[in-house]
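Residue numbers count from 1 along this sequence. What you see below is based on every heavy atom in this structure, not just the backbone, and it leaves out hydrogens, waters and symmetry mates.
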Amino acid sequence: MEYITTSRLNKIHSNMLHISVILLTAIFLTGCGEAEAITENNQDDVIIAVPVEVSQLSTGSISSNYATTAILEAKEEAFVVPRASGIIKEIYVEEGDYVDKGQVLAQIEPQRYHLNVDRARANLVGIEKELAKINKVYNKKLVSDDTYDKITAQYQSAKATLSLAELDLTEATIVAPISGYIAERNAKVGNLTESFQRARMFHIVQQKELYGIVHLPEKELSSVHINQPALLNLAAFNNHDNKAFVERISPVINANTGTFKVTLRVPNPNNTLKAGMFAQVKLNYATHSNAILLPRRALLSIDDSINVFVVSDGIATKQAVTVGFEDGEYVEVLSGLIGNEHVVITGHQNLRDKAPVDIVNLESTAISNTDIRSQLVKG
């Protein structure tokens, strides 16, 4: 039986330790080499491009507007109240009907007024006969001047009484004072009306032209003039725009509100618009034609200046611009762009200057996706 001495055992342990160190070193070096190779490959192959949407600039007209609100009013309207008293016998119109000026709307029971006319006429006939007799003897100086003057005055009074009775009879027939639509009918057959009662029988509106009343700040006074165009946007007609024009400008400023009154004329030849409608008003101050139009969404405020990101060859470059008129979704470019650029409209909030981008709405732009990706690979 062979025994291993202590010195030999120590030698074996030493050899095993050396072998372990060599193996670990080889493994470590191999791992580092692979990691370095992977890192180098990633740096060579991976390019991070920011996804964005772009839009091309356009050319067109743009206006400077002042926005406010207005409620449409009828240019002509009339509240019909009875001048005669009596029971309503007939009503000939209903709400929504169009009536012409002078058309009969309703009839008050006229019998009492016919009787008044007959009585006044009979009284006048009696006085006329008496006056005829007085005239024959007056020429012969058989009647005093005082008697003649009294009978003459009675004759004139009787004539006036007959005229008033005939007028009352006429006013028992209710007619339209203007042409227009019946907006309200409050009268009912059988109701008792009183002369000049406060309750109106009919409300008539003429809507071939409407008015829109707006109140503008006094600083806008120099920008408003007669026949100046305006646009009215009506929610009742799916936000359809209707033309309007400045009809009148108040010559005074309201000291309490600091505003002045402007009356807009709103043509309504087809009677589609109705009095009482609510409208968003844009008063047109000026219009620039052939202006470079930039989507408002492309604007960014950076370092106290207005900027956009212009995409060229797959790179987004920050560009300062000066804008003019603003209207809706577009603004006018006064300087900084020439009009044929593509600007970023989505994804530019965190975009850096000279950053590579990937356009996701290529179908709506003229930029080639292949060219952009080739530029990214080259970068």
Tell me every residue that passes side chain to side chain donor-acceptor pair (under 3.5 Å) with Q107, counting only those two or more places apart in sequence or in another chain. T173
Show the numbers, then the answer: is there a salt bridge (charged side-chain N to carboxylate O under 4.0 Å, His left out) between R296 and E326? CA-CA 8 Å; R296 187 190 294 270; E326 301 182 10; 2.9 Å; yes
Please report the closest heavy-atom contact between G339 and L57, naming both atoms and the distance. O-CB, 3.5 Å
Passing candidate, side-chain contact (heavy atoms from CB on, under 4.5 Å) with V54, options I345, T346, N361: N361
Is it true that a side-chain atom of T161 and a backbone atom of S157 form a donor plus acceptor pair closer than 3.5 Å? yes
Salt bridge (charged side-chain N to carboxylate O under 4.0 Å, His left out), that's the test. Do E209 and K75 meet it? Break it down for me. CA-CA 6 Å; E209 275 192 348; K75 181 179 180 180; 2.9 Å; yes
Which heavy-atom pair separates G212 from L72 by the least distance, and what is that distance? CA-CD2, 4.4 Å
Taking the basic N atoms (NZ, or NE/NH1/NH2) and the acidic carboxylate oxygens, is any pair closer than 4.0 Å for E184 and R200? yes
Is there a path of hydrophobic side-chain contacts, each under 4.5 Å between heavy atoms of I/L/V/M/F/W/Y residues, joining V321 to I292? yes
List the steps, then state whether side-chain contact (heavy atoms from CB on, under 4.5 Å) holds for V311 with V344. CA-CA 7 Å; V311 176; V344 179; 3.5 Å; yes
Could you give me the CA-CA distance, side-chain angles and deciding distance for N242 and L234, then say whether side-chain contact (heavy atoms from CB on, under 4.5 Å) is met? CA-CA 8 Å; N242 292 269; L234 299 162; 3.3 Å; yes
What ring-ring contact (aromatic ring centres under 6.0 Å, His included) pairs are there with at least one residue in residues 222-263, not counting sequence neighbours? none
Of the non-hydrogen atoms in L351 and F309, which two are nearest, and what is the gap between them? O-CZ, 3.3 Å
Please say whether more than 12 non-hydrogen atoms of neighbouring residues, nucleotides or ligands are located less than 6.0 Å from CG in D100. yes
List the steps and the verdict of side-chain contact (heavy atoms from CB on, under 4.5 Å) for T322 and I306. CA-CA 7 Å; T322 303; I306 300 176; over 6 Å; no
Examine the side chains of N307 and S305 and answer whether a donor and an acceptor come within less than 3.5 Å of each other. yes
Do any N or O atoms from the side chain of S163 and from the backbone of K159 form a donor-acceptor pair under 3.5 angstrom? yes
Looking at A78 and P177, what are the two nearest heavy atoms and their distance? CB-CG, 3.7 Å
How about R265: does its CZ atom have over 12 heavy atoms from other parts shown lying under 6.0 Å from it? yes
Who clusters with F278? Use side-chain heavy atoms, under 4.5 angstrom, across I, L, V, M, F, W and Y, and order the result by chain and number. I71
Looking at Y211, does the NZ or CZ of R248 lie under 6.0 angstrom from its six-membered ring centre and within 45 degrees of the ring axis? yes
For residues M277 and V266: do they belong to one hydrophobic cluster (side chain heavy atoms under 4.5 Å, members Ile, Leu, Val, Met, Phe, Trp, Tyr)? yes
Dump the intermediate steps for side-chain contact (heavy atoms from CB on, under 4.5 Å) on T68 and V214, then the final yes or no. CA-CA 7 Å; T68 184; V214 298; 3.8 Å; yes
Please identify which of these residues, I204, I178, I182, meets the side-chain contact (heavy atoms from CB on, under 4.5 Å) condition with V80. I204
Please list all pairs meeting ring-ring contact (aromatic ring centres under 6.0 Å, His included) that have one or both residues in residues 141-195, counting only residues at least two apart or in different chains. Y98-Y181, Y138-Y148
What pair of heavy atoms forms the shortest contact from A70 to I213, and how long is it? CB-O, 3.5 Å
Under 3.5 Å, sequence neighbours excluded: what are the donor-acceptor pairs made by side chains of residues 280-290?
{"residue": "K282", "atom": "NZ", "partner": "D327", "partner atom": "OD1", "Å": "3.3"}
{"residue": "N284", "atom": "OD1", "partner": "A286", "partner atom": "N", "Å": "3.1"}
{"residue": "N284", "atom": "ND2", "partner": "S63", "partner atom": "OG", "Å": "3.3"}
{"residue": "N284", "atom": "ND2", "partner": "T287", "partner atom": "OG1", "Å": "3.3"}
{"residue": "Y285", "atom": "OH", "partner": "E220", "partner atom": "OE1", "Å": "2.6"}
{"residue": "T287", "atom": "OG1", "partner": "S63", "partner atom": "OG", "Å": "2.8"}
{"residue": "H288", "atom": "ND1", "partner": "E332", "partner atom": "OE1", "Å": "3.3"}
{"residue": "H288", "atom": "ND1", "partner": "E332", "partner atom": "OE2", "Å": "3.1"}

Thinking salt bridges, do K208 and E76 make one under a 4.0 Å N-O criterion? no
Could you check whether any side-chain N or O of N116 sits under 3.5 Å from a backbone N or O of A120, counting only pairs where one atom can act as donor and the other as acceptor? no
Heavy-atom pair with the smallest gap, counting every atom of M201 and A106: CE-CB, 4.3 Å
For K261, does the NZ atom sit with more than 12 other heavy atoms under 6.0 Å from it, leaving out its own atoms? no
I need the full list of ring-ring contact (aromatic ring centres under 6.0 Å, His included) pairs touching residues 50-93, with sequence neighbours left out, sorted by first then second residue. F79-H203
